Amino acid sequence: MHRPARVRFAPSPTGPLHVGGARTALYNFLYARATGGTFILRIDDTDEARSTDESLQNILDGMRWLGLDWDEGPTRPGETAHDTGYGPYFQSLKYERYREVVQELWDRGHAYPCFATAEEVEAGRERMAKEVGVPMYDRRYRGLARAEAEARIAGGEAHVWRFATPLEPRDGKLTIDDRIKGRVDFQLDQIDDWVMLRNDGTPLYNLCSSVDDVDMAITDVIRGEEHFINAVKQLLLFRALEVEAPSFAHLPLILGKDGKKLSKRVAQTNLLDYRDQGYPPEAIVNFLTLLGWSFDGERELFSLQEAIAAFSVDKLGRSGSVFDEEKMTWMCGMYVRATPVADLVDRAAPFLEAAGLMDRAAIAASRDYVDNLVACHRERFDRYGQVPDKLGFFFARDDALDFEEKALKNLRKSPEAATWLAAFAALLDEVAIPPSWPERPALADSLSLPENEAPRRELGTGFAYTKPSEIEARTRALAEQLGIGFGNLVAPLRAALTGAAGGAGLFDIVYLLGCERCKLRIEAASALLTHS
RNA sequence: GUCCCCAUCGUCUAGCCAGGCCCAGGACGCCAGGUUUUCAUCCUGAAAACAGGGGUUCAAAUCCCCUUGGGGACGCCA
């Protein structure tokens, strides 16, 4: 901790960014920012068969969506690469370097070529499983004389390169001082002579990761617990190379509802799916931060900046955490409800467009109207993606509204409903409800709804529309006149206007729907009543 | 099978390292009320946990041991 921290998130582009990976990235990011260190994004793309550009793009997009900006790493489109002296940040770009290291290791007696066939390896594995309990390579080529090995290589014989795990002393062990798990001992005879270079000469994870951690001067490795055993192999490699090892912190796994490592079987694990469904990224970050860490034991909601200020590795938990989608939904709702209406509309716009309800131009053209529409539904959204669904009834044809069952029931509750609806329709002519589209004047919507929010704009002197609260007052009076309870009138009215049994304030809806559309919907509902 | 890790309400967790302030605090969810034209929001309240057993100690959720339970790793994947 004398030198500034350099940490990395090193995903392999073999699939979309997983929420578990996102949390690992997040903790690395928090640590770097909290300590004034450097956050590095490195692409571990040595599995060429499974690496794809699509996955790489997905990872980059996911990182940016969460706001986890890296200080060093692959350049983004439109960005010019600058030489940090630590790159390249794609492992596939430095195979020569890895091979050199293996050569060096061989010279020092820490690596050797292995000519075993797949069958031989398998046979050895079975034997070792019986003898040691671990199905590992039986080191049969470890003792091969260098001259013979070189001759066989020269002869073109297929071979991989293995790391020579120290076998002396017999009961030797290695202690990992993990920042989360504490001091953990491993028996060296349990450790495989793992493969560093495939038979086609391409390097493998433990080699590349260690070499890069050295080359990039990584100070702290913070990664998932599934890598714990790799820390042993890597530590041994650092030792063989006679270089200083970084410190390790292995994070407990994120679990699914079934208590096992989170998988797409039990949850949505592709981070960008959450973006595509309109979840607020700030909420996802907040939620992920809390999976294995706590702000102060009391606070649940905090910004990334606040998390940075409060972050410390020793507050990281030791046990796995179940990914609770219900709590995440709640948190997203909290963020959405705290979003200013204008921002909410901006964020919901792509979803409105995708749903075919309004394109960007249409939203821009009647921005005040859309703001109001969204504002009066605000506490009913958990995510931006729900906006089109909740607002759908507004865009429906007035004579072809979808009625939910409960709404139909409300409509048919009283045989007099049609009369009441007609009375309300008549009331509409007595008050000044703004006209519906396309006649609707922009002025009508410069009033910000709901009314407890101050109007964003001074209303002109010509503003003569009846405010929702006044419409409500008149409707209450009407109910009294009809000799019925307010609720008796409102329920069928809501059903007629929205097709639903619940929803936003009814008189905000009346105001926004406008006079003509209200009447059309009442007519349609009345027709439905008389025909059934 | 072998090795490793973990263990507080259903779930996320605070407390544990530096035992007494804890008949265990917060949050989600659940349940019950309240507010509302409805739904949602919001407010109030309730139920809900130290896995079990041994120690150590005046005192243990906190320290030690065992058991049980859960998880992870054992690839020419990362």
Side-chain angles (χ1 to χ4, degrees), chain A residues 10-15 21 44-47 49-51 114 118 121 125 128-130 132-137 158-162 176 178 180-182 184-187 190-192 194-200 202-206 208-209 223-230 232 250 252-253 255 257 259-261 287 290-301 314-315 317-331 333 337 377-382 390 406-407 410 472 475-476 479 485-491 493-495 498 500-507:
Chain A
S12 75
T14 52
D44 285 12
D45 56 350
T46 52
D47 187 348
R50 288 193 292 160
S51 292
C114 165
V121 170
R125 210 169 252 148
M128 295 297 273
K130 252 177 250 160
V132 198
V134 184
M136 61 183 181
Y137 171 63
H159 61 284
V160 299
W161 284 86
R162 291 182 179 272
I176 296 181
D178 189 90
I180 293 172
K181 301 191 173 302
V184 181
D185 289 340
F186 279 92
Q187 287 297 129
Q190 296 272 327
I191 306 302
D192 205 350
W194 48 281
V195 177
M196 306 164 104
L197 255 34
R198 295 183 179 93
N199 63 194
D200 65 359
T202 57
L204 259 1
Y205 173 73
N206 280 116
C208 303
S209 184
R223 88 240 283 196
E225 193 174 35
E226 69 269 28
H227 284 296
F228 201 42
I229 191 67
N230 291 328
V232 180
H250 288 91
L253 270 15
L255 278 16
K257 281 225 170 287
K260 299 189 194 312
K261 192 160 108 172
F287 179 74
L290 247 11
L291 241 39
W293 185 79
S294 86
F295 189 86
D296 61 2
E298 302 276 297
R299 254 182 92 182
E300 304 282 334
L301 268 16
D314 24 80
K315 277 174 29 189
R318 275 163 251 285
S319 51
S321 347
V322 174
F323 185 78
D324 182 356
E325 289 177 274
E326 273 181 346
K327 184 160 185 174
M328 195 178 77
T329 298
W330 163 78
M331 195 169 276
R337 289 188 285 276
H377 286 84
R378 189 170 30 177
E379 52 288 319
R380 269 155 282 253
F381 303 126
D382 290 323
K390 301 273 189 215
K406 237 179 130 186
N410 286 343
E472 178 180 344
T475 309
R476 280 183 191 277
F486 186 49
N488 292 197
L489 176 54
V490 156
L493 185 55
R494 174 182 291 283
T498 70
L506 185 56
F507 302 98

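Please read all numbers here as calculations on a predicted model, not as lab measurements. Chain identifiers are assigned alphabetically (A, B, ...) following the order of the sequence lines, protein sequences preceding nucleic acid strands; residue numbering begins at 1 within each chain.
Not a single donor-acceptor pair under 3.5 Å links the side chain of A:Lys390 to the backbone N or O of A:Phe381.
The CG-P distance, from A:Asn488 to B:rU38, rounds to 12 Å in whole Å. Atom NZ of A:Lys390 is separated from atom P of B:rA40 by 10 Å (rounded to the nearest Å). Note: CD (A:Glu300) to C1' (B:rA27) measures 4 Å, nearest angstrom. At whole-Å resolution of the value, CG in A:Leu506 and P in B:rC39 are 13 Å apart. To the nearest angstrom, P of B:rA27 lies 23 Å from CD of A:Glu325. Residue A:Met331 contributes atom CE, which lies 13 Å from atom C1' of B:rG29 at whole-angstrom precision. Distance A:Tyr205 OH to B:rA73 P: 13 Å, rounded to the nearest Å. The separation between A:Lys327 atom NZ and B:rG10 atom P is 15 Å, rounded to whole Å.
For A:Arg198, the side-chain atoms get nearest to B:rA78 when compared with the rest of B:rA78, B:rG72, B:rA14. Distances from the side chain of A:Trp330 to the nucleotides B:rC3, B:rC28, B:rC12 place B:rC28 closest. Set against B:rC3, B:rU13, B:rG29, the side chain of A:Phe186 has B:rC3 as its closest nucleotide. Counting only heavy atoms from C-beta on, A:Asp324 has its side chain closest to B:rU11 among B:rU13, B:rG71, B:rU11. Considering only side-chain atoms of A:Arg337, the nucleotide from B:rU37, B:rA78, B:rC42 that sits closest is B:rC42.
Nucleic acid contact class of A:Lys257 (heavy atoms, under 4.0 Å, all strands): none. At a threshold of 4.0 angstrom between heavy atoms, the contacts of A:His227 include nucleobase atoms, whether or not backbone atoms are also involved. Using a 4.0 Å heavy-atom cutoff across all strands shown, A:Gly224 reaches no nucleic acid atom at all. Contact annotation for A:Gly259: backbone-only contact, meaning every heavy-atom pair under 4.0 Å involves sugar-phosphate atoms and none involves a base. Using a 4.0 Å heavy-atom distance criterion, A:Asn199 is classed as a base contact. Contact annotation for A:Lys130: no contact, since no heavy-atom pair falls under 4.0 Å across all strands. Backbone-only contact: A:Val322 has heavy atoms under 4.0 Å from sugar-phosphate atoms and none from a base.
Nucleotide B:rC23: unpaired (no Watson-Crick or G-U wobble partner with both distances less than 3.5 Å). For B:rA46, there is no paired base (Watson-Crick or G-U wobble, both distances below 3.5 Å). Remark: B:rA59 base-pairs with no nucleotide; criterion is Watson-Crick or G-U wobble with both hydrogen-bond distances under 3.5 Å. Across all strands shown, the partner of B:rA73 is B:rU2, judged by Watson-Crick or G-U wobble contacts whose two distances both fall under 3.5 Å.
Put simply, A:Arg299 has no side-chain N or O that comes within less than 4.0 Å of OP1 or OP2 on B:rA14. In terms of phosphate contacts, A:Thr46 brings a side-chain nitrogen or oxygen within less than 4.0 Å of OP1 or OP2 of B:rA78. Regarding contacts with the backbone of B:rU2, every side-chain N or O of A:Arg125 stays at 4.0 angstrom or more from both OP1 and OP2.
Projected onto RNA chain B by closest heavy-atom contact, A:Ile229 and A:Phe507 fall at different nucleotides, the more 5' of which corresponds to A:Phe507.
Of the charged side-chain nitrogens involved, at least one lies within less than 4.0 Å of a carboxylate oxygen, so that A:Glu300 and A:Lys327 count as a salt-bridged pair. Taking the charged nitrogens against the carboxylate oxygens, A:Lys181 and A:Glu225 do have a contact shorter than 4.0 Å, which makes a salt bridge. Ion pairing between a basic and an acidic side chain is recognised when a charged N comes within 4.0 Å of a carboxylate O; A:Asp296 and A:Arg299 show no such pairing.
Between the side chain of A:Arg494 and the base of B:rU38 there is at least one donor-acceptor pair of N/O atoms closer than 3.5 Å.
With 3.5 Å as the limit, one finds a donor-acceptor pair spanning the side chains of A:Thr202 and A:Arg198.
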Identify each atom pair where a protein N or O and an N or O of nucleotides 5-9 of chain B are less than 3.5 Å apart, giving names and distance.
residue, atom, partner, partner atom, Å
B:rC5, O2', A:Lys181, NZ, 2.9
B:rC5, O2', A:Glu225, OE2, 3.3

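Using atom C1' as the reference point in both B:rG19 and B:rG55, the two lie 15 Å apart (nearest Å).
A:Met328 contributes atom CE, which lies 4.5 Å from atom CZ of A:Phe323 (distance to the nearest 0.5 angstrom).
A cation-pi arrangement is found for A:Arg162 relative to A:Tyr137, the charged atom lying closer than 6.0 Å to the ring centre and inside a 45° cone about the ring normal.
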